[in-house]
Number of protein chains: 2
Amino acid sequence: MTQLAEAARRVPLNRDRVLEAAVTLADEVGIESLSMRRLAQELGVVPMALYKHVANKEELLDGMVDTLVSEIDPPVPDAPWKSAVRLRVLSARRALLRHPWARPVIETRTTTTPAVLGYMDGFVGMFLGGGLSVDLTHHVMHALGSRMWGFTQEVFDDSAGRDAGGQQSMPVEVRTAMAMQMAESYPNLFRIALAAAHDDESVVGSGCDDQFEFEFVLDLLLDGFERLHEQDWTSR
Amino acid sequence: MTQLAEAARRVPLNRDRVLEAAVTLADEVGIESLSMRRLAQELGVVPMALYKHVANKEELLDGMVDTLVSEIDPPVPDAPWKSAVRLRVLSARRALLRHPWARPVIETRTTTTPAVLGYMDGFVGMFLGGGLSVDLTHHVMHALGSRMWGFTQEVFDDSAGRDAGGQQSMPVEVRTAMAMQMAESYPNLFRIALAAAHDDESVVGSGCDDQFEFEFVLDLLLDGFERLHEQDWTSR
DNA sequence: ATTGACAGGTATACAGCGTACACCTAGCCT
DNA sequence: AGGCTAGGTGTACGCTGTATACCTGTCAAT
């Protein structure tokens, strides 16, 4: 035990190792299971030891976001603004899909770290560099919102029809009964769910290509931005 | 005490009263302070008593969202789809601003109650009723996302320049030092923050009209939807 | 060589959370 | 009269973040 203690002390657990461990732990067990105690245990250390390296859990989460930001590709220089933005957003999205915990964490952050400010500054720079006015860029950044991070607030779930409840072990007669119930309670949702299920080749899947939906909206917005830019839009 | 117990029993605390109390409590003290214990206390009852009326806290939150949904105006019939959608979204936004707790709660909901399904169904109905194809409507609903609820994921905060940190009691030399710091670290953000501060008549305000930003994006999207509809867009 | 500061790990403790489980009691139906 | 039940109570468990005090090894300055 003395040896272990010494071995632990030989690599004295700095801030980066704490953040790194937090990221991989959250990747593995999910953000809801990332507690200070659990993280400490993972590092072979007592919970309070973490507080020598991060002020509190909020700061830990801030740090985790910072490491995520560092994984996002920088803006490609000398590219048209639209594709530069597009590429970077999609890079952010890839990073975000690697770290599912990041979405809820980003959503709840209140403080803005320098790394995050730098990330945003990059976007603003792309728009301004593309010739968009300061005014338009301002509103465009608001419009981009969380899509800047590669995610959308997915609040519309069209999987309701095929599998309301989530369990797959359900007698077929119950399923059809529920489908009929839905068809009459939510006729419009039903039509869409039906169409999505129809298009879907793999019967198992959600019937909805998240990546397609994301790029659909992203391009819709980018095209809108471009149009406003071309007609010298201004907020009066 | 017997009298109190009897008085309490005379109005035996049903599900609706629990939900109503939860909503007003959350309105007053914020969602982060809404605990089962606190809510029970507010109702003059022991915490576990609540569990006779809601299965658990999740279901309580679901119920709170349902009451919020009931405050949103139904779709106005016989209106062009664009303005019908627009009106309803803005009605949702008003409800949401009355209940600040709703945004984080909606964001974290996993189950979808019938009331919420009905709400969504109404939107789908407006698009389909306006002649949009099932396919386009599907993607349009995804694009709408959380904006359906009247909020955007506000992840871009342009108040960074004027008041990084939030405290107003700060020596002016420190403030200018920070501004200079920002100007060189985040030159692009700085330009935008500066412009926003300039436009702002009230020096105190955030320098950013949230309502304007919201409607800006909403209309950008609606116009995009319309354009796609006019050119019979389809996802192949 | 001794001392003292300090960085970093530890131990204990507290207040708060959601909620499982057992219990009680008043009112109603047979 | 007797039991069922709806609804409120009391206690307890395991979990959370973190304040506070303590200890110990390392290193710099005397």
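In this structure the side chain of A/Arg93 reaches within 4.5 angstrom of the side chain of A/Asp210, judged on heavy atoms. Within the 4.5 Å cutoff, the side chain of B/Arg38 has heavy atoms near those of the B/Glu42 side chain. Put simply, the side chain of A/Val54 reaches to within 4.5 Å of the side chain of A/Met36, judged on heavy atoms.
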Along nucleotides 18-23 of chain D, 5' to 3', which nucleotides get a B, which get an S, and which get a -, given that the test is a protein heavy-atom distance under 4.0 Å?
-> BBB---

Output a table of donor-acceptor pairs, distance under 3.5 Å, between side-chain atoms of residues 110-118 of chain B and any protein atom two or more places apart or on a different chain; print 'none' if there are none.
from: B/Thr111; atom 1: OG1; to: B/Asp62; atom 2: OD2; distance (Å): 2.8
from: B/Thr113; atom 1: OG1; to: B/Asp66; atom 2: OD1; distance (Å): 2.6
from: B/Thr113; atom 1: OG1; to: B/Val116; atom 2: N; distance (Å): 3.3

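Salt-bridge check for B/Glu71 with B/Arg94: failed, with every basic side-chain N at 4.0 Å or more from each acidic carboxylate O.
Every residue meeting the ring-ring contact (aromatic ring centres under 6.0 Å, His included) condition with A/His138, not counting sequence neighbours, appears here in chain and number order: A/His142.
Among the heavy atoms of the strands lying under 4.0 Å from A/Val45 are primed sugar atoms or P, OP1, OP2 only; no base atom is included.
As rounded to whole Å, 14 Å separates atom P of C/dA11 from atom CG of A/Leu50. One interatomic measurement links the two molecules: CG of B/Leu60 to C1' of C/dT19, which rounds to 14 Å at whole-angstrom precision. Look at CZ on B/Arg17: it is 12 Å from P on D/dG7, rounded to the nearest Å. Here D/dG8 presents its C1' atom at 17 Å from CD of B/Gln41, a figure rounded to the nearest Å. For the pair A/Leu13 CG and C/dT10 C1', the interatomic distance rounds to 13 Å; values are reported in whole Å. What separates CG of B/Asn14 from P of D/dA6 is a distance of 15 Å, to the nearest Å.
Between B/His53 and D/dA6, a side-chain N or O to OP1/OP2 separation shorter than 4.0 Å is absent.
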